[in-house]
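What follows is one structure encoded as structure tokens, with my remarks underneath.
Quick note on labels: first sequence line is chain A, next is B, and so on, each numbered from 1.
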Protein chains: 2
Amino acid sequence: MKIAFDKLDKAFENRVRLQIMSVLSVNSRYDFNSLKELLNITDGNLASHLKGLEKEEYIMVHKSFLGRKPNTNYEATDKGKKAFKDHLDTLEQLIKQQKIN
Amino acid sequence: MKIAFDKLDKAFENRVRLQIMSVLSVNSRYDFNSLKELLNITDGNLASHLKGLEKEEYIMVHKSFLGRKPNTNYEATDKGKKAFKDHLDTLEQLIKQQKIN
DNA sequence: TTATTTACTTTGAAAATCAAAGTGCTTTTA
DNA sequence: TAAAAGCACTTTGATTTTCAAAGTAAATAA
């Protein structure tokens with residue numbers, strides 16, 4: 001059996017983006033600062049990875065106020081959830097294949 | 001439950017190196033040209049990824065002759081097999097975690 | 001009014017990735 | 001026997017990716 005490596009999504013190759021998608025598929029929403037603390041990266045770096053996922057339409061942004069403070073939340077889109085699932089399914093096949101041998 | 005993303009091995013982040021390790025954990029040995037055809041990449045590109053894995057001591061090289069032609073074979077080391085397994089185990093945990101939610 | 005917070009954008013450097021060309025050696029073909 | 005081709009690279013250089021740091025704007029808190 002051959003594994004379709006070409007089904008692996010380049011957008012999820014990077015560790016940070018993999019983490020973001022994991023968080024956003026377990027939590028329906030997650031805000032910028034919590035994400036930044038969780039991943040322990042600079043805000044600029046986080047912002048650019050978020051932007052990358054947004055460009056692919058894998059996540060979307062919700063801007064609101066918590067009391068008087070601005071609060072930006074991120075949410076995985078259906079497209080993003082599907083793409084992430086497909087990616088993990090491919091990885092799962094790969095893992096299974098390895099276990100047989 | 002928290003997933004240890006930091007256990008993901010950077011050496012296996014790249015698609016080509018992931019494929020190489022997959023092939024070398026199913027096949028005890030695989031030669032340069034077959035690998036090149038399988039992955040459908042240029043020889044220079046393959047060589048540099050192989051070198052990267054060799055530098056980590058994840059694979060080793062066997063040079064021999066098939067008849068009169070030189071033939072270079074690659075084999076995963078124990079260290080490489082372990083590292084690859086650990087990497088896949090971490091990915092598996094991530095996948096499981098996603099399925100619960 | 002000065003400092004701080006939030007959520008960025010911009011900049012630039014470093015690292016990663018890749019194709020293409022070059023290399024040295026051998027073997028096959030004309 | 002000269003030329004072409006195969007093998008397994010190395011080198012080069014361009015492009016892309018990744019990241020930290022600095023800059024920004026708008027608002028709030030001290």
How many whole angstroms separate atom [atom1] of [X] from atom [atom2] of [N]?
X: B:N14; N: D:dT18; atom1: CG; atom2: C1'; value: 14 Å
X: B:Q19; N: C:dT17; atom1: CD; atom2: P; value: 14 Å
X: A:M60; N: C:dA7; atom1: CE; atom2: P; value: 18 Å

Handout entry: Minimal non-hydrogen separation, B:A11 against B:L53, with atom names
Key =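 Closest pair (atom of B:A11, atom of B:L53, distance): O-CD2, 4.4 Å.
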Exercise for the section: Give the minimum heavy-atom separation between B:E57 and B:T77, together with the two atoms involved. Expected result: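 For B:E57 versus B:T77, the nearest heavy atoms are O-OG1, 2.6 Å.
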Side-chain N or O of [X] less than 4.0 angstrom from OP1 or OP2 on [N]?
X: B:S48; N: D:dC9; answer: no
X: A:Y74; N: C:dA7; answer: no
X: A:K36; N: C:dA7; answer: no
X: A:N71; N: C:dT6; answer: no

Which pairs would a plain distance check flag for residues 32-41 of chain A, meaning a side-chain donor or acceptor within less than 3.5 Å of a matching protein atom at least two apart in sequence or in another chain?
| unit_1 | atom_1 | unit_2 | atom_2 | d |
| --- | --- | --- | --- | --- |
| A:S34 | OG | A:D31 | OD1 | 3.2 |
| A:S34 | OG | A:D31 | OD2 | 2.9 |

Practice task
Assign each of A:K51 and B:N40 to its nearest nucleotide of DNA chain C by heavy atoms, then name whichever residue's nucleotide is nearer the 5' end.
Solution key: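 Its nearest nucleotide lies further toward 5', so the answer is A:K51.
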Practice task
For A:K10 and for A:N33, find the nucleotide of DNA chain C with the closest heavy atom, then tell me which residue's nucleotide is more 5'.
Solution key: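 Residue closer to the 5' terminus by nearest nucleotide: A:N33.
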Problem - A:F84/A:F12 under ring-ring contact (aromatic ring centres under 6.0 Å, His included): CA gap, chis, key distance, verdict - result: CA-CA 8 Å; A:F84 191 53; A:F12 306 136; 5.3 Å; yes
Problem - Validation row: B:I100, A:V26 side chains within 4.5 angstrom (heavy atoms) - result: no
Fill in the blank from the handout: Under a 4.0 Å heavy-atom criterion, the protein footprint on nucleotides 20-30 of chain C, written with B, S and -, is B------S---
Handout entry: Side-chain donor or acceptor of A:H49 paired with backbone N/O of A:V16 under 3.5 Å
Key = no
Completion exercise
Looking only at C:dC18, C:dA7, D:dC9, the nucleotide nearest the B:H49 side chain is C:dC18
Practice task
Would you indicate what A:R17 reaches in the nucleic acid, counting non-hydrogen atoms under 4.0 angstrom: base, sugar-phosphate, or nothing?
Solution key: sugar-phosphate
Practice task
Just grab all the salt bridge (Lys or Arg N to Asp or Glu O under 4.0 Å) pairs involving residues 84-101 of chain A, residues at least two apart or on different chains.
Solution key: A:K82-A:D86, A:K85-A:D89, A:E92-B:K99, A:K99-B:E92
